[in-house]
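By convention in this document, chain letters (A, B, ...) are assigned in the order of the sequence lines, proteins followed by strands, and residues within each chain are numbered from 1. Please read all numbers here as calculations on a predicted model, not as lab measurements.
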Amino acid sequence: MIAEWLGRIGNFSLTLLIVTVYGLLVGAFIERTIAKVQGRIGIPYRQPFINILKTLVKRTAVSHGIMFYLGPVFRVAGGIGTLAFIPVIYGSDTFANFSYAGDLFLVIYFMFFGQLGMALGAGESGHPYSAIGIARGLSQMTAYEVPFALAVIAIVIQYDTLSITEIVAAQQGGWQNWTLFTNWVATLAAMLAFLGMTGYSPFDIFLAPQEIPIGPPTEFHSAFLSMLQTNRAVFGATKLILFMNLFFGGATGWVELMIKTLAIYMIAVVVGVAFPRFRVDQSIRFFFKYPTLIGIASIVYVQMVIAP
Amino acid sequence: MTKDLSTETTLENAGLSVEDQQLFSNARPRAYEPYPIKAVEDFANWARANSLWILAFGTGCCSIELRPLMTARFDASRFGVAGRPTPRQSSVFIIGGYVSVKTLKRIVRSYEQMQGPKFIIALGSCPANGGMYFDSYNTINQFDLYLPVDLYVTGCMPRPEALLGAILELQDDIKAGNCDGANRYIEHFDEYKANQKKVIKDWNMPDYNW
């Protein structure tokens with residue numbers, strides 16, 4: 001029993017390592033792509049790794065209290081916890097992580113967890129821009145979670161299961177079985193929510209580097225910041241893997257995973273470089289309008305067209 | 001003769017009212033030693049040199065030369081340079097030109113909030129010797145009396161190429177382990193503070209902005 005659990009924890013550590021490195025490399029790749037669009041050379045691929053290392057070896061750090069310490073810890077726990085319950089590679093025991101029959105339910109909760117922990121930590125830093133960033137971030141998150149939750153409910157009804165592994169299994173056997181093609185309405189609603197999740201333009205009001213320095217992490221520095229940077233890579237890649245599993249047929253190998261997740265990410269990047277930023281009231285209105293309606297339509301679509 | 005630790009380790013914060021003194025830390029900053037193993041310190045310095053985050057605080061007219069650094073023509077991001085909007089996360093402070101007394105107060109506040117190791121590049125002639133404002137009543141003439149400067153770039157104003165060259169030179173200096181301005185500031189803390197208080201008349205902030 002103990003040996004089995006140690007083995008699973010070891011396997012998960014391997015997954016975490018690969019996903020972290022992949023997440024950082026994807027970040028650098030996207031930065032370089034945007035730089036090429038702007039006619040620049042852009043950062044070297046090693047830059048995200050050096051940035052984390054540099055913040056880690058800073059000589060000083062000041063604290064604002066216990067919650068300030070716990071904020072980044074909760075954030076990282078949210079990122080790693082989300083990854084822990086998502087099967088990364090379909091059909092592989094090594095990379096199945098701790099997925100079980102109801103993992104989709106837990107994953108949806110865990111995605112909230114890190115943000116709320118971060119809100120408490122950044123709140124204790126006492127910086128007014130942190131508070132504004134949190135207020136904007138949480139209200140926007142509440143807005144984009146609605147279409148996402150509706151899309152998830154639709155595919156749960158469609159596949160009649162709460163297990164991500166079974167949802168991926170149902171999409172095997174060719175691209176025509178992907179949720180993207182069997183239930184394009186739910187995929188559309190979820191992808192619109194995904195734009196809000198990634199935090200690129202037009203939904204980057206909660207970071208807003210030009211107005212509220214960088215929102216919630218304004219006061220975080222040194223090792224706190226290196227934890228947040230690492231989590232950004234892990235959590236970003238985890239969200240991509242979740243979307244790939246739910247809507248794009250999952251992956252049976254790392255190469256397939258990387259191609260699919262990069263393609264999903266590029267949707268957010270292309271939208272991001274093409275559109276200017278929404279104000280927070282505009283982005284919330286946007287999510288409560290069309291994506292939510294599409295999300296409701298996806299449930300109707302499942303009930304009327306697919307399920308009966 | 002025994003040292004009086006109470007004055008040695010705490011700051012007076014005399015500029016603050018009695019109520020405000022409760023709200024701010026009065027701890028005296030400490031100098032930090034490098035890692036005991038030289039290879040580790042060299043590796044850390046390599047990381048620090050290749051990831052320079054500039055505080056986006058334009059203090060004078062030379063700051064206009066900072067903006068082109070991020071454009072396609074100069075593209076400083078390929079050297080690991082990035083702008084950072086908050087002093088907590090940045091490591092390089094570029095003093096953009098003349099420093100008025102009013103700005104100096106904000107520069108001191110921002111510099112002290114940055115986490116060490118931190119570096120200062122003084123851009124233009126004005127921070128070095130006052131430049132064309134040498135006899136002005138409200139600008140200071142020699143910036144390194146008030147904060148430790150690692151590198152001067154003279155000119156009025158210097159081209160972005162000069163600034164980019166300065167950044168590369170700063171990287172070499174950091175890798176060689178020569179840039180220890182943060183510790184220099186702590187070691188000569190009382191002299192720097194006395195100089196700052198000599199010109200900043202309305203000192204209504206703590207003695208060290210933690």
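Heavy atoms closer than 4.5 Å to chain A are found in the side chain of Tyr35(B), but not in its backbone. Contact annotation for Ser25(B): neither backbone nor side-chain heavy atoms come within less than 4.5 Å of a heavy atom of chain A. Neither the backbone nor the side chain of Arg30(B) comes within less than 4.5 Å of any heavy atom in chain A. Looking at Pro34(B), the atoms closer than 4.5 Å to chain A (heavy atoms on both sides) sit in the backbone and in the side chain alike.
Close approach to chain B, defined as a heavy atom under 4.5 Å from one of its heavy atoms, is seen in Glu219(A), Phe220(A), His221(A), Ser222(A), Leu225(A) of residues 219-227 of chain A, taken by number. Of all residues spanning residues 49-63 of chain A, those with a heavy atom less than 4.5 Å away from chain B's heavy atoms are Ile50(A), Asn51(A), Leu53(A), Lys54(A), Thr55(A), Val57(A), Lys58(A), Arg59(A), Thr60(A), Ala61(A), Val62(A), arranged by number. Below 4.5 Å, heavy atoms of chain B meet heavy atoms from Gln38(A), Gly39(A), Arg40(A), Ile41(A), Gly42(A), Ile43(A), Pro44(A), Arg46(A), all part of residues 34-46 of chain A.
Heavy-atom contacts from other residues, nucleotides or ligands closer than 6.0 Å to CD of Glu12(B) number 12 or fewer. Within a 6.0 Å sphere centred on CG of Leu120(A), heavy atoms belonging to other residues, nucleotides or ligands number more than 12. Other residues, nucleotides and ligands place more than 12 heavy atoms under 6.0 Å from the CG atom of Leu23(B). By the neighbour-count criterion of 12 heavy atoms within 6.0 Å, atom OH of Tyr32(B) is densely surrounded, having more than that number from other residues, nucleotides or ligands.
Put simply, of Val40(B), Asp75(B), Thr86(B), the one with the most heavy-atom pairs under 4.5 Å next to chain A is Asp75(B).
The backbone N or O of Arg78(B) lies less than 3.5 Å from no partner atom in the side chain of Gln47(A), so there is not a single donor-acceptor pair.
Arg106(B) meets the side chain to side chain contact (heavy atoms under 4.5 Å, CB included) test with Phe57(B), Lys102(B); sequence neighbours excluded.
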